[in-house]
Amino acid sequence: MSGAPGDAPAGGAWKAQAERGSAFWLGLLAWIATRLGRGFTRALLWPIVLFFLLTGGTARRASRHYLQRVLGRPPRPREVLRHFHQFAACSLDRLLILCGRGQHLNVRVDLSDEVKQLVHGGKGCVVLVSHLGNFEVLRCLGETSHDIRLRVVLDRSQGPMFIRLLERLSPQFAASIIDAGRRGPEMVLAVSEALSQGYSVGIMADRVDGKEAALDVRLLGGTVRLPSAPWLLASVLHVPVVAAFCLYRGGRDYETHFELLTPGIKAARSERHAIVQTLAQRYAESVERLLRTAPYNWFNFYPYWNDESAGR
Amino acid sequence: MPAEQAAMTGAERELAKLLVNVLQLEGRDPAAIDPQAPLFGAPGNGWGLDSIDALEIALALQQNYGVILRSEDEATRRAFGSLRALADHVRQHGGATAAPSG
């Protein structure tokens, strides 16, 4: 990550955060959770959360910054605590899903006929996933119903320890990952092939990786950068784009939201940029609308807004 | 550099025209392209294309020559090395006789 001030906060910041949390602790938690159950393990989350809250300066500042934006006032300490705890609770459920114990969760699926046809129709579509809520739950749907055939694009090199954990817990899912780390033609051709085989291809739409192409959109009164790649891929391949969110509603309850953002982008190369910009902004508005109903579901614990500095 | 530039074959010229057309590289003269310049990477040292461009090229080759570039294929990686490599790939995979429609 280049350290130039005013640079997008993307790149290195979240990678460091992600690896810090995921590797050892997730492995340990998975071990405990599969042996002692969800209820017991949830009780352990509070001390873990406190530890991260006290030691994770960057994450704490990012949480405060975000909560201030979404609540419209400085957050109280217990609201920051709640934000951290919600993330921990969702991470635990992610682990349980990876361990094949997702059946204990109540997932309410809100799928319009339009979207149902797309994700079940076997014609392929781009599914925008994000760190708003717990996208792992979507995969859980895919496995139980066998209707949503989903392959997810992830950069394997970004969290090698996490990937190893994934390979151990859920080898089938690990094998279906399309590796975004393969730069250049490899990855895009793999996405293209998966789409033409009728898979829905999940692409992370809320985090920009270092040098990749990005665009600015407005979110919660500020400017953030989103990756261009999901949109450009969809426009070149003429496939629909669906936004998918899975919000945690407390207890065992999750609630999925799907939204058809475009049935397909028909644009000449020269007009593409403007159309993609409009669609990305519409996506950001969906994100904002959901954040207002579920403010503690935002799991980007790093400086996310363009004017948000990593320091202090 | 122009002095060292390799001459283009007919097939390469056809392909160069197709790429300039598909990628809308206005102001780029297909005849002045170095067939051995790398397609990807920093501009100035070649075409400076990105992965989305690669996808468009792959689709254009499929449409115009019936040649399919697959991921996880060593031949694909080689084909995207340069215009010359791409033309060779098209020729080897039976696309030489088909005239581009675009």
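Chain letters run A, B, ... following the sequence lines, proteins first and then strands; every chain starts at 1.
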Heavy-atom side-chain proximity of B/Pro38 to B/Ser82 below 4.5 angstrom: no
Pick from B/Arg77, B/Glu56, B/Arg70 with the largest number of heavy-atom pairs that fall under 4.5 Å of chain A: B/Glu56
A/Ser228 portion near chain B, given a 4.5 angstrom heavy-atom threshold: neither
A/Val153 and A/Met204, any side-chain heavy atoms less than 4.5 Å apart: no
Greatest number of heavy atom pairs closer than 4.5 Å to chain B - which of A/Ala229, A/Ala190, A/Ala268: A/Ala190
Check: A/Ala180 main-chain N/O paired with A/Asp155 side-chain donor or acceptor under 3.5 Å: no
Least distance between heavy atoms, A/Tyr302 atom then A/Asp206 atom: OH-O, 4.2 Å
Worked check of salt bridge (charged side-chain N to carboxylate O under 4.0 Å, His left out) between A/Glu167 and A/Arg156: CA-CA 11 Å; A/Glu167 277 165 346; A/Arg156 298 177 78 97; 2.4 Å; yes
Region of B/Leu23 that comes under 4.5 Å of a non-hydrogen atom in chain A: both
Most contacts with chain B, counted as non-hydrogen pairs under 4.5 angstrom, among A/Leu233, A/Leu189, A/Leu232, A/Leu237: A/Leu189
